Every structure is written in structure tokens, then in C-alpha cells.
Amino acid sequence: SQQKDGSVEDAAALAFHFSEAKEYIRAIQYLILAGEKAASQYANEEAVSHFQQAEKYQTSLPQPNPEWQWRIGIGLGEAYRITGLFEESIEALEKLIPLAKETSQYPYARLLILLGKTSRKLGDYDIGRTYLMQARDLLLSESTSGNDLILAAQVLTELAWIYFAQGELEQARKLGTEALEFAKEV
């Protein structure tokens, strides 16, 4: 069982120990934990290092663990985006699309939102808009619950920023107002 309360250093030390012992499955678990803890403390370069090592070990396994793949990919994508490595972020996140399609709508929509945000940061507004429209359609295709409404508000806000950046101010205002309405329903 993993200790959830330890520091980044504790998780990293355990990951190193298990790596040295060539117990890669245990090392992956602690590398992911160390990466998530580092990211939560805004130590994004350290998070990238832990996630990259976890990814390296994960890809060497005969049967990759889908939960680990997801956590590594999201962790790398977020840490890369925050540090301004947008193309690397897109690459890490796009690897998750096949896995996300096999899950429920919430994780897939969340992934599409991250891809849309990162594309916007990269200046690829059309691609960002495509990802965000897919997320919106996915979220609004079924009955919407609290989490779906929160994500829908995020999607509309991101879309509003794209339209704003492209000078389409009326469309940006309309989407911003719509996002506010979704947020009020939560």
C-alpha cells in the first residue's frame, strides 16, 4: 500500500530505491506519486522528471496499466503546459485519446479541454476550438450533472478566450455569458 501523506522527497526516495532494486512496478507507483506531489507544489520541472521516468518504466512493461498511463499522461501534459512546453504537452495529451475514448465522458471531456487550452496557448486557435467543441458536444449530449456543468462552463470560457483572441468580441461575450449561466446551475 502507498503512503499518501509523505513528502515529494519520500516518494522520490522510495521510487529510487525500487528502481535500484529493479522493482519497476513499485517504482512506477512512487514515481507517479512523486510527480503528482511535485506538481501540486508547483515544482513542475521535478514533476516532469518523475513522470518521464515513470513513463519509461511503464512502456517497458508487458502489459501497461491504463490508470498509470492516464496519470502519467495528464501529469506530463499539465506540467509541460505550465512550463510553456506546449508542443510537448499536446504530444503527451494526444497519446491519451485512445485510452480516453474507452472511459466515461467525464475523463474524455477533461482531456479534450486540456488539449483545447494547450492549443490556445500555442496559438492554434482552430485546433483548440475543435477540441473544445468536441468536449462541449460530449458534455451536453447526455443529462448534465454538477461535474458536467462545471466542465461545460470551463469549455465555454476557453472558447470565449479563443474568440476574444481572434477579435470576435460578440461571440466571446455570448459564450462568456453562457458559461456564467452553467456555473450558476451548479
Side-chain angles (χ1 to χ4, degrees), residues 1-124 126-128 130-132 134-135 138-139 147-148 151 154-155 158:
S1 82
Q2 295 180 22
Q3 181 181 352
K4 297 286 183 189
D5 300 320
S7 67
V8 174
E9 293 80 18
D10 293 341
L14 286 166
F16 177 78
H17 167 74
F18 287 119
S19 296
E20 289 296 304
K22 300 193 181 340
E23 291 186 38
Y24 298 120
I25 290 175
R26 306 257 335 250
I28 292 167
Q29 294 170 330
Y30 284 103
L31 284 164
I32 292 170
L33 189 59
E36 290 170 344
K37 287 182 177 198
S40 74
Q41 297 173 2
Y42 306 102
N44 291 299
E45 288 86 6
E46 188 178 341
V48 165
S49 175
H50 294 307
F51 287 127
Q52 285 175 335
Q53 189 66 41
E55 183 177 49
K56 177 182 165 192
Y57 291 153
Q58 166 84 345
T59 57
S60 71
L61 296 177
Q63 183 64 42
N65 180 315
E67 179 193 344
W68 294 349
Q69 282 178 294
W70 183 261
R71 289 171 65 191
I72 291 166
I74 293 292
L76 274 173
E78 285 285 75
Y80 283 142
R81 183 177 59 80
I82 290 167
T83 56
L85 299 171
F86 303 125
E87 290 171 358
E88 291 85 346
S89 176
I90 294 283
E91 184 180 328
L93 294 170
E94 283 181 337
K95 286 181 189 177
L96 297 176
I97 291 174
L99 186 62
K101 286 182 177 180
E102 297 172 13
T103 65
S104 65
Q105 70 183 27
Y106 184 81
Y108 188 31
R110 185 170 161 243
L111 175 63
L112 291 169
I113 292 167
L114 291 174
L115 283 162
K117 273 184 171 179
T118 308
S119 297
R120 178 176 65 84
K121 294 279 191 181
L122 196 55
D124 289 339
D126 291 337
I127 293 170
T130 299
Y131 282 129
L132 292 166
Q134 288 175 349
L138 187 63
L139 290 168
N147 283 342
D148 294 341
L151 279 183
Q154 289 176 357
V155 167
E158 284 297 322

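Since the structure is predicted, the reported quantities are computational estimates derived from the model, not experimental observations. For reference, positions follow the sequence shown, starting with 1.
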Given E36, which partner from the list Q41, R71, H50 fulfils the side chain to side chain donor-acceptor pair (under 3.5 Å) test?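 Of all the options given, the one that passes is R71.
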
How long is the gap from [atom1] on [X] to [atom2] on [Y], to the nearest 0.5 Å?
X    : Y   : atom1 : atom2 : answer
L122 : S89 : CG    : OG    : 9.5 Å
S60  : E55 : OG    : CD    : 11.0 Å
N65  : I32 : CG    : CD1   : 7.5 Å
Q69  : K95 : CD    : NZ    : 10.0 Å
E45  : T83 : CD    : OG1   : 6.0 Å
H17  : E20 : NE2   : CD    : 10.0 Å

Which atom pair, heavy atoms only, marks the closest approach of [X] to [Y]?
X    : Y    : answer
W70  : R110 : NE1-NH1, 4.0 Å
A47  : A79  : CB-CB, 4.4 Å
F51  : I72  : O-CG2, 3.7 Å
A109 : A135 : O-CB, 3.9 Å
K101 : Y108 : CE-OH, 3.2 Å
L111 : A100 : CD2-CB, 3.6 Å

Please test K37 against D10 for side chain to side chain contact (heavy atoms under 4.5 Å, CB included), starting from the C-alpha separation and ending with a verdict. CA-CA 10 Å; K37 287 182 177 198; D10 293 341; over 6 Å; no

Determine, step by step, whether L115 and I97 satisfy the side chain to side chain contact (heavy atoms under 4.5 Å, CB included) criterion, reporting the C-alpha distance in whole Å, the side-chain angles of both residues, the deciding distance to 0.1 Å, and the verdict. CA-CA 10 Å; L115 283 162; I97 291 174; 4.0 Å; yes

More than 12 heavy atoms of other residues, nucleotides or ligands under 6.0 Å from [atom1] of [X]: yes or no?
X   : atom1 : result
L61 : CG    : yes
E91 : CD    : no
F16 : CZ    : no

Taking side-chain contact (heavy atoms from CB on, under 4.5 Å) as the definition, give me every residue that meets it alongside I82, ordered by chain and number, with sequence neighbours left out.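 Per chain and number, I82 pairs via side-chain contact (heavy atoms from CB on, under 4.5 Å) with N44.
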
Is any side-chain heavy atom of [X] less than 4.5 Å from a side-chain heavy atom of [Y]?
X   : Y    : result
F18 : L31  : no
I90 : I127 : no
W68 : Q29  : yes

Evaluate V48 against L76 for side chain to side chain contact (heavy atoms under 4.5 Å, CB included), listing each step before the verdict. CA-CA 6 Å; V48 165; L76 274 173; 4.2 Å; yes

Has the side chain of Q58 got a donor or acceptor atom that lies under 3.5 Å from a matching backbone atom of P64?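 No; zero donor-acceptor contacts below 3.5 Å.
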
Return yes if a side-chain donor-acceptor contact under 3.5 Å exists between Y131 and T118, otherwise no.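 Side chains of Y131 and T118: no pair found under 3.5 Å.
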
Residue pair Y30, S19: steps toward the side chain to side chain contact (heavy atoms under 4.5 Å, CB included) verdict: CA-CA 10 Å; Y30 284 103; S19 296; over 6 Å; no

